[in-house]
Every structure is written in structure tokens, then in C-alpha cells.
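Whatever order the structure lists them in is the order used to number ligands and atoms, beginning at 1.
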Amino acid sequence: MTTDNQAWSREEFEAKLRGMEKCYHIHHPMHVLMNEGKLTKQQLQGWVANRFYYQVMIPIKDANIMANCPDRETRAKWVQRILDHDGHPGDPGGIEAWIQLGMAVGLTREEITSLEHVLPGVRFAVDAYVNFARRAEWHEAASSSLTELFAPKIHQQRLDNWPDVYPWVEQEGYTYFKKRLTEARRDVEHGLELTLDWYKTREQQERMLHILKFKLDVLWSMADAMYLAYVNDMPPYFNIEQ
Ligand SMILES: O=C(O)c1cc(C(=O)O)c2c(n1)C(=O)C(=O)c1cc(C(=O)O)[nH]c1-2
């Protein structure tokens, strides 16, 4: 075997995964503008309303992973992700917290939950993620959640910057981001352990990088659709009289 094909050590493999941060949506112009406080109220509302579709589909994605997973121990841990979003006695859950965020930026509950503002490009990207989780071998599907490695930083940025740059956002809006700081770290611990154990050969490890890139593509494509619609003011069919 040439050294070129040698499997990466656990540490090297993890470093390769972490290196994919360069393609995280934190670098997308939509998120850069958001972070710098350069979005208008309407543009920020557009993002919150569209991201709600991701929020509602995440537990469905996780239920699909569990449905394909014969390992009881994994399911017993993975089910926590569904409870985090859907809620359980004592915790109204992440979806409800996102609705609170929507109301804190001036949307109504009905406007958010009806999905009326969700752009086709956002829907297609999120659906691609759910369909991947439905069809892929379960370790592969589980490992695709690892963009969460990079999520605490983007949630923290919002907590740090929004109160200054968007002072009109009401306090209740921040619950979701605070909640995710700890949840995402715990998810990553489990997801990373599964991933580092599962992909053994160099070929398999490289396949995982492609899976992670697919997931990064999902997030980037969602941001593209929102940028076009709300920043460039070119929502679908904008130039056609209806
Ligand atoms: O706000 C963000 O930028 C962001 C990104 C991601 C991500 O990287 O997929 C998630 C979340 N938030 C999030 O809140 C969340 O619950 C979540 C679950 C997952 C997943 O793939 O299972 N990603 C993310």
C-alpha cells in the first residue's frame, strides 16, 4: 500500500472534518451581513421564517435515522435530539423556542407555522437532507449531522452581537440560541464518536468528507436562496407579472 492511501489516524481524521469549517455557512454573505447587523428587519424576518422549515424537519430527519438503526444504545441517545426539538414535559422544545424567536422579530405565530414564507430553494435543500437521512446507511446519515461541530460558534455570535446590532429583537428570541449551545456540544460528542469509530479506511474517511460537504451544501444553498430573495430582492418569479 502506498502511503497516499493510508488511513488517517483518529486525530488526523477529526482534524480533516474540522477543517471543513471553511465551507460553513457562517462565511456565506447572508450570515456575514446578519452578523454585522446589516440586515433590515424584513430581511431578518425572512431568514427566521425560512429557517423554521429546517427546525421542523430536523426531528423528522432524526426519526429517519433511528428508524434505520438497529442499535438500541445509539437509539437511546439519539432520541434526545427529537425531544430537544419537539419538546417533552418540562421543556417546550426547540421548535417552540424558534417560534418565540419569530415573534421576537415581529412575525406572528401563524405566519411562521404556516410555512407561507418558505422559499422553494430552502425547501428543496432541507428536503434533500431529510431524504439523505432516510435512504443512507444509518452511520452515514448520523455522521452528516456533524456540521454541528461548527454551530456553537454561530449561535454564540448571534448572542454576542444581536443585542447591539438588532436592539429591537425582544429578549425571548434568544432562548433558542442559548439552548443550542449545550445541546449541540452534546450532539457533537456522540456524533463524532460514532463517526471516528465507523470510517476506518482512507477511502471510507474520504467518503465521510464528501458526506459532510453535502451537508455544508445544504446549509449554503439555503442561504443562497434567502440572499437572492431578500438581499438581491429577487424572490422566485419576481420579474413575472402574475
Ligand atoms: O443556526 C445554525 O447555523 C445551525 C446550524 C446547524 C447545522 O450546522 O446543521 C444546526 C443548527 N443551527 C441547529 O440549531 C440544530 O438544531 C441543528 C441540528 C442539526 C443536524 O444536522 O441534526 N444541525 C443543526
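Atom 23 (N) of ligand 1 has as its closest protein heavy atom Tyr54 OH, 3.3 Å. Protein heavy atom at the shortest distance from atom 7 (C) of ligand 1 is Thr147 OG1, 3.3 Å. For atom 8 (O) of ligand 1, the nearest non-hydrogen atom of the protein is Tyr24 OH, 2.7 Å. If you check which protein heavy atom lies closest to atom 3 (O) of ligand 1, you get His25 NE2, 2.8 Å.
Residue contacts with ligand 1: Phe150 is excluded, as none of its non-hydrogen atoms falls under 4.0 Å. Arg51 counts as a contact of ligand 1, since one of its heavy atoms falls under 4.0 Å from the ligand.
The 12-atom threshold is not exceeded at CD of Glu203, counting heavy atoms of other residues, nucleotides or ligands nearer than 6.0 Å. Within 6.0 Å of CD in Gln242 there are more than 12 heavy atoms belonging to other residues, nucleotides or ligands. By the neighbour-count criterion of 12 heavy atoms within 6.0 Å, atom OH of Tyr237 is sparsely surrounded, having that number or fewer from other residues, nucleotides or ligands.
Trp78 does not carry Arg75 over the face of its six-membered ring by the limits of under 6.0 Å from the centre and within 45° of the normal. For the pair Arg123 and Tyr53, the distance from NZ or CZ to the six-membered ring centre is under 6.0 Å and the angle to the ring normal is within 45 degrees.
With ligand atoms numbered from 1 in the order given, ligand 1 contributes 20 (C), 21 (O), 22 (O) to contacts under 4.0 Å with heavy atoms of Tyr129. Every atom of ligand 1 is numbered from 1 in the order shown, and the set under 4.0 Å from a heavy atom of Lys61 is 20 (C), 21 (O), 22 (O). Close approach of ligand 1 to Ile58 is summarised as follows: ligand atoms under 4.0 Å from at least one heavy atom of the residue are 18 (C), 19 (C), 20 (C), 22 (O).
Considering backbone and side-chain N/O atoms, Trp47 never comes within less than 3.5 Å of an N/O atom of ligand 1.
In this structure, Trp198 and His139 have parallel ring planes: the angle between them is below the 30° cut-off, well short of the 60° mark.
Comment: Glu206 engages Arg202 in a salt bridge, judged by a side-chain N to carboxylate O separation of less than 4.0 angstrom. Here Arg186 pairs with Asp84 in a salt bridge; the nearest charged N to carboxylate O distance falls below 4.0 Å.
When the options Trp98, Phe177, Tyr176 are ranked by their closest heavy atom to atom 15 (C) of ligand 1, first place goes to Tyr176. With Lys215, Glu148, His85, Met222 as candidates, the residue nearest to atom 16 (O) of ligand 1 on a non-hydrogen basis is His85.
At a 4.0 Å heavy-atom cut-off, ligand 1 touches Leu219 through the side chain alone. Only the side chain of Arg158 comes within 4.0 Å of ligand 1, counting heavy atoms alone; its backbone N, CA, C and O stay farther away. At a 4.0 Å heavy-atom cut-off, ligand 1 touches His155 through the side chain alone. Contacts between Ile154 and ligand 1, counted as non-hydrogen atom pairs separated by less than 4.0 Å, involve the side chain only.
Looking only at atom types and distance, the side chain of Arg207 has no donor-acceptor partner in the side chain of His210 under 3.5 Å away.
Going from atom NE2 of His88 over to atom CD of Gln80 covers 5.5 Å, rounded to the nearest 0.5 Å.
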